[in-house]
Enquirer: 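Have a look at this one before I ask anything.
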Amino acid sequence: MQPEAVLVIGASGQIGTELTIELRKYYRTVVAADLKMPISEVAEGGPFVRLDVLNRSGLADCIRKYQIQQIYHLAAILSATGEKNPELAWRVNMKGLRNVLDCSVTLGVKKLFWPSTIAVFGPNSPKKHTPQWTIMEPNTIYGISKLAGERWCDYYYQKKNLDVRSLRYPGLISYKAPGGGGTTDYAIDIFFAAKRQRRYTCFLKADTRLPMMYMADAIRATLMLMEAPAERITVRSAYNIAAVDFTPEEVAAAIRDHIPDFVIDFEPDFRQQIAESWPESIDDSIARRDWGWKPLFDLKALTTDMLAHISV
Ligand code: NAD
Ligand code: SER
């Protein structure tokens, strides 16, 4: 067990739930923090602090109290929710990050992880195999806040010597906690609906291709990045990472290999426009080169695992 104390902010969310559980296998003290209560496995597995990341003094008290040396700052407002409430998204995604960056510098936190997203790209970015460095003109408030966040992270690394690391996660697929209000949430909901109702109405069109990743791969990528020697990290904004890309009709076909009578229909809503502004696939060659990134789950493997873990 490593002695460093770790803080996970946003520990009750889709990623925070699984990241907290995984980190507790390696670190003696992993403090889970969120506005809302986590699932019982997280609440009972170690300390939980009710924390609003917008409250800078509350955040500083928590870091001091537990002598935190590493922070995973996951609290954010995701793409679909952000379009409904841009003011809240900007405040949580920007002010929350600034609070964490400043407290980390002031209180001597050694390492910070903050996730970015494929939403930093926009309609003018190349759609296929979107490179690490390219045109970035996001047109969602979520993407704008995350692109600004990437620049803040790089700034704090360059000017204040903060060891901050980041990944541009694709849409993440998992079964322990529900999706948090993102455009890629259909790729979670579809598995629950397939198992329980044998039918699903998708809010994206059948042929909308997006980059996706199974949670097990996302957690492994996060830990690989955080454990990599500092001299191997050449990107201090955020790394592109990739695993799979698929459309709703392709995931439906993969589900039908297990549930032959599964039916999908389509009622695209405002999230279609968001999805169409994002890449279809991502070039993650810099992450592969720098710290050996390689995904393990393809569409077939993640479909089998999701359906095996969801109860009827
Ligand atoms: P989520 O919405 O499931 O979880 C976010 C958590 O943050 C929630 O539990 C929420 O209660 C908490 N939170 C919100 N405002 C807060 C505040 N002011 N103070 C404290 N906690 C607050 O989101 P997620 O899917 O787990 O995403 C985590 C991070 O990963 C986010 O930064 C998101 O942008 C990024 N990301 C997620 C995906 C994905 O597909 N899930 C993809 C790319 C990037
Ligand atoms: N999965 C996220 C969303 O759809 C992408 O960051 O908002």
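We count ligands from 1, going down the list as the structure has it; atoms in each ligand are counted the same way.
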Enquirer: If you count the atoms of ligand 2 from 1 in the order shown, which ones are under 4.0 Å from a heavy atom of Y142?
Expert: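 Listed by number with element: 5 (C), 6 (O), 7 (O).
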Enquirer: Is the terminal nitrogen or CZ of R98 (NZ for Lys, CZ for Arg) located under 6.0 angstrom from the six-membered ring centre of W152 and within 45° of that ring's axis?
Expert: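 Verdict for W152: a cation-pi partner in R98.
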Enquirer: Could you tell me whether D61 and K65 make a salt bridge, using a distance below 4.0 angstrom between a side-chain N and a carboxylate O?
Expert: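 Not counted as a salt bridge, because no side-chain N and carboxylate O are separated by less than 4.0 Å.
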Enquirer: Answer yes or no on whether R236 is positioned over the face of Y157, meaning its NZ or CZ is under 6.0 Å from the six-membered ring centre and within 45° of the axis.
Expert: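 Yes, R236 and Y157 form such a contact.
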Enquirer: Starting from atom 5 (C) of ligand 2, locate the nearest protein heavy atom and write down its residue, its atom name and how far away it is, to 0.1 Å.
Expert: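 The closest one turns out to be T117 OG1, 3.4 Å.
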Enquirer: Distance under 4.0 Å, heavy atoms only, partner ligand 1: which residues pass?
Expert: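 Correct list: G10, S12, G13, Q14, I15, D34, L35, K36, L51, D52, V53, L74, A75, A76, L78, V92, P115, S116, T117, Y142, K146, Y169, P170, G171, L172, G180, T184.
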Enquirer: Let me have the donor-acceptor pairs involving side chains of residues 10-18, under 3.5 Å, with sequence neighbours excluded, atom names and distances please.
Expert:
{"unit_1": "S12", "atom_1": "OG", "unit_2": "K36", "atom_2": "O", "d": "2.7"}
{"unit_1": "Q14", "atom_1": "NE2", "unit_2": "L172", "atom_2": "O", "d": "3.0"}
{"unit_1": "Q14", "atom_1": "NE2", "unit_2": "S174", "atom_2": "OG", "d": "2.9"}
{"unit_1": "T17", "atom_1": "OG1", "unit_2": "G13", "atom_2": "O", "d": "2.6"}

Enquirer: For residues 45-57, tabulate all N or O donor-acceptor pairs below 3.5 Å that involve a side-chain atom, not counting sequence neighbours.
Expert:
{"unit_1": "R50", "atom_1": "NH1", "unit_2": "L35", "atom_2": "O", "d": "2.9"}
{"unit_1": "D52", "atom_1": "OD1", "unit_2": "L54", "atom_2": "N", "d": "2.9"}
{"unit_1": "N55", "atom_1": "OD1", "unit_2": "S57", "atom_2": "N", "d": "3.3"}
{"unit_1": "N55", "atom_1": "OD1", "unit_2": "S57", "atom_2": "OG", "d": "3.2"}
{"unit_1": "N55", "atom_1": "OD1", "unit_2": "G58", "atom_2": "N", "d": "2.9"}
{"unit_1": "R56", "atom_1": "NE", "unit_2": "N99", "atom_2": "OD1", "d": "2.8"}
{"unit_1": "R56", "atom_1": "NH1", "unit_2": "D102", "atom_2": "OD2", "d": "3.2"}
{"unit_1": "R56", "atom_1": "NH2", "unit_2": "N99", "atom_2": "OD1", "d": "3.2"}
{"unit_1": "R56", "atom_1": "NH2", "unit_2": "D102", "atom_2": "OD2", "d": "3.1"}

Enquirer: Identify the protein heavy atom lying closest to atom 2 (C) of ligand 2, giving its residue, its atom name and the separation to 0.1 Å.
Expert: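 Of every protein heavy atom, T184 OG1, 3.9 Å lies nearest to atom 2 (C) of ligand 2.
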Enquirer: For S79, counting its heavy atoms only, list the atoms of ligand 2 lying under 4.0 Å from any of them.
Expert: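 Those atoms are 3 (C), 4 (O), 7 (O).
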Enquirer: Output all residues satisfying side-chain contact (heavy atoms from CB on, under 4.5 Å) with T81, sequence neighbours left out; order by chain, then residue number.
Expert: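 T81 satisfies side-chain contact (heavy atoms from CB on, under 4.5 Å) with I77 once adjacent residues are dropped.
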Enquirer: Is the closest heavy-atom distance from W278 to ligand 2 below 4.0 Å?
Expert: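 Yes.
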Enquirer: In terms of the angle between their ring planes, are H309 and Y175 parallel, tilted or perpendicular, with boundaries placed at 30° and 60°?
Expert: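 It falls in the parallel class, under 30°.
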Enquirer: Students should be able to answer this: which protein heavy-atom is nearest to atom 4 (O) of ligand 2, and at what distance?
Expert: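 The closest heavy atom on the protein side is T183 N, 2.7 Å.
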Enquirer: Atom OH of residue position Y155 - does it have more than 12 heavy atoms of other residues, nucleotides or ligands inside 6.0 Å?
Expert: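 Count not over threshold, so no.
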Enquirer: Can you tell me if K128 has over 12 outside heavy atoms packed within less than 6.0 Å of its NZ?
Expert: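 No, the 6.0 Å shell around NZ holds no more than 12 heavy atoms from other groups.
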